[in-house]
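A short write-up of the structure that comes next.
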Amino acid sequence: MRKVAQAAFAAAFMLGAAQMAGPAAAQQTLKFGALYPFSGGLALLGDESFRGLEIAAEERNAAGGINGKQITLVKGDAVDPNQAVGEARRLTSVENVSVIFGTYSSSLSLAATQVAELAGIPYFELGAVSDPITERGFKYVFRSNATAKDFSVQMVDAIPNAIAPALGKKPEELKVGIIYEDSLYGQTMAGYQKARAAEKKLNVAEVLPYSAKSVDLTPVVLRLKSAGVDVILQTSYQNDTVLFFRQMKDQGFKPKAIIGAGGGYSLRDTMLAVGPENMEGALDVDFTQYKTNPKVAPGMEDFLKKYKAKYNSEPRSGHSLANYMGARVFFDAIAAAKDLKADTIRAEVMKVDIPVGATPTGWGAKFSEQGQNTRAVPFLMQWQGGELVTVFPPDAAVAKMKTGVGTN
Amino acid sequence: MDVFIQLLINGILLGSMYAIISVGLTMIFGIVRVVNFAHGEFLMVGMYAAYLLAAKFGLHPYASVVPIVLLLFAMGALVQRFIIQPLLSADEHIQIFATVGLSTALVNLALLVFGADLYSVPPSTVQRSVMVGGYSLVIGQIVMFVCALALVSGLHLFMQSTPLGRAIRATAQNRTAALLMGVRVDRIYVISFGIGAACVGLASALVMPLYPVSPTIGTYFVLTAFVVVVLGGMRSMYGAFFGAMIIGLVDSLSGYYIAPDLKEVVYFAIFIAILIFKPTGLFGLGRGTE
């Protein structure tokens, strides 16, 4: 009997202690999920994206956290959509995070957001571009970055807005070739490009899909060359970009302009593998990169300093900056919410109203009912002397746009 | 017409790259009778070796052929001795799973060590193209063509006229009979797997200047290599060579005249047709040899 009483007393005591420790510990930290591909083929840019979130969280913590509570990031490693689902479940049910940030890759985001939505946990997408992520009527999925459609529209619009004037020609005089790797990514982008080109009444001479695992793109190059294409729009990954540029040179094909988007075009590795002299003049519609006029991207230089101090290297792409910008916007919204309930957070996200040119990426922030940021506008960049510099729109530009591709 | 001839040239040069990668697979497939799914990853390992030799010692990939071939020979021999050999009497599926597992392990090892970044060797004259009669040829591809021819005839000679080559052929024809004749079958398998892997070593040194290496580079080539091997009749070196030429030409021509994304459809259609009408491959030795 005495033992039972002892046990009961001990249990009661522990319960009480747990109850006391519970809220006290919760006051110290906020657990936020960070769902990215940290291993596998997408790991490079997944990790680069995470770094932006990490720097934003550390900066926030140094400044006192969110309403006095420190942010703890709980990592979830999503290699493929199955694992993204598994990790999202773990974060929401085992780790009990209040919100999740992610994801870099669209297929991972599409899978993980479903889990979070069902669990009623807000999901902040900071980097995946596929449009349907914010087109499924989800209440608690919010995205700070531009979508594939925004990218495609910018790529096509660069022809009448920037390229044709630089060449001293009318836009419809230029022959356009649309080439893309034939997975969902390329198909989606090319679909929007074709539609936009038709709207703008451009002369599309060739539309050529190819496999990103192709080891020979000479047939694509020769098709474009035979059709006399002036401007190429390419949606690609890294390897196929490198191959295309090398084989374009082998075949002596010199288009007047070539515009790519994201992944394949913006990475330094791509430029180094192609060679700076061959990449010279290639245009890229992308997340904001670091050679952008700091006047339109306040806070970018500060981010660069923090990045170099923490990781001891230059950022590998603009993904970290985009994630940093989004994380800051959403941290502010969470801080403004009086509790961490999904509906309270949603109400605060809907109130966000930041004009274009007031964040480190130069984007603004204003969210649609669907949770999509309507003020994220990708810039037009160009490889010049081994650097990716912003050339359009003029107030964000740090250099004048050149025409032609390659220096020799 | 100009484009057509350029496509033909391109197809043949592309074919020689497929040939040089497929010869090693033919060797392993035809003699050890193991479907080596890690073949592409052997190529990847060789390419990283070439990259490291170039980055650390400034060696041109062509100059690092000897160490890479030796390295890959050792790797192939070890794989046969410690992974395949214990499974030789097991079901074929188990051997296949072992090589698939090896392939996954190697890809992830590369991801761990090098990350998903692309690495390429410093540009050299090998990447340049020369104009011959108005057609463009990449120097590195011409080298590959010459090496593919030399490798195929060299291996053929070796198999036909050396005692070791005869022992290898005997083992391939009938393992038990070879064993009875005093051939040390296990050792022959180790050597054959090693030679097969060494051929990939040669391929990786030649491919490195033209393609940047990443952990998944093997998957770009290996499926095509399997088609080539089956097309060529599993065991025939010349078969693999001509099979590779056919695939190279189909790849090049259908990419232009049909559509770049449909070229795989075309050569897999050919592949299926051959499996239906001539299951021993174009240069196979007839029914029952496989």
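Here is the naming used below: chain letters follow the sequence lines, and residue numbers restart at 1 for every chain.
- Using a 4.5 Å cut-off between heavy atoms, Ser214(B) contacts chain A through its side chain alone, with no backbone atom that close.
- Highest contact tally toward chain B, considering only Val221(A), Leu44(A), Ile179(A), Val242(A), is held by Leu44(A) [criterion: heavy-atom pairs under 4.5 Å].
- Of the atoms belonging to Gln127(B), heavy atoms from both backbone and side chain fall under 4.5 Å from chain A.
- Within the 4.5 angstrom heavy-atom criterion, atoms from both the backbone and the side chain of Leu222(A) approach chain B.
- Evaluated for a side chain to side chain contact (heavy atoms under 4.5 Å, CB included) with Leu118(B), the options Thr241(A), Leu267(A), Asn239(A) yield exactly one hit, Asn239(A).
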Ser226(A)/Tyr256(B) under side chain to side chain donor-acceptor pair (under 3.5 Å): CA gap, chis, key distance, verdict: CA-CA 10 Å; Ser226(A) 320; Tyr256(B) 184 86; 2.7 Å; yes

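- In this structure, chain A has no heavy atom under 4.5 Å from any part of Pro123(B).
- Neither the backbone nor the side chain of Tyr119(B) comes within contact range of chain A, judged by heavy atoms closer than 4.5 Å.
- In terms of heavy-atom pairs under 4.5 Å with chain A, the best-connected choice from Thr216(B), Leu112(B), Thr219(B) is Thr219(B).
- If you take CD on Glu264(B) and OG on Ser214(A), they are separated by 6.0 Å, rounding to the nearest 0.5 Å.
- Only the side chain of Met17(B) comes within less than 4.5 Å of a heavy atom in chain A; its backbone stays farther off.
- Summarising the geometry of Lys213(A) relative to Tyr220(B), their closest heavy-atom pair is O-CD2, 3.5 Å, with the distance given to 0.1 Å.
- With a 4.5 Å cut-off on side-chain heavy atoms, Gln6(B) and Lys225(A) do not count as touching.
- Contact count against chain A (heavy-atom pairs under 4.5 Å) is highest for Leu210(B) among Val121(B), Leu210(B), Ile217(B).
- Contact count versus chain B (heavy atoms, under 4.5 Å) is highest, among Asp47(A), Asp216(A), Leu243(A), for Asp216(A).
- Heavy-atom minimum distance, Pro260(B) versus Tyr210(A): CB-CB, 3.8 Å.
- Of all heavy-atom pairs spanning Arg223(A) and Gly255(B), the tightest one is NH1-O, 4.4 Å.
- Leu13(B) CG to Thr218(A) OG1: the interatomic distance, rounded to the nearest 0.5 Å, is 9.5 Å.
- Residues Pro209(B) and Arg246(A) come closest through the heavy atom pair O-NH1, 3.6 Å.
- For the pair Ser211(A) (side chain) and Asp261(B) (backbone), a donor-acceptor distance under 3.5 Å is absent.
- Neither the backbone nor the side chain of Ile139(B) comes within less than 4.5 Å of any heavy atom in chain A.
- Both the backbone and the side chain of Val215(A) come within contact range of chain B, judged by heavy atoms closer than 4.5 Å.
- Looking at heavy atoms from C-beta onward, Pro219(A) lies out of side-chain contact with Tyr257(B) at the 4.5 angstrom threshold.
- If you measure heavy-atom distances from Asp182(A) to chain B, the contacts under 4.5 Å come from the side chain alone.
- More than 12 heavy atoms of other residues, nucleotides or ligands sit less than 6.0 Å from atom OH of Tyr238(B).
- Options Leu272(A), Leu208(A), Asp250(A) differ in how many heavy-atom pairs under 4.5 Å they form with chain B, and the most are formed by Asp250(A).
- Between the side chains of Ser129(B) and Lys249(A), no donor-acceptor pair of N or O atoms lies under 3.5 Å.
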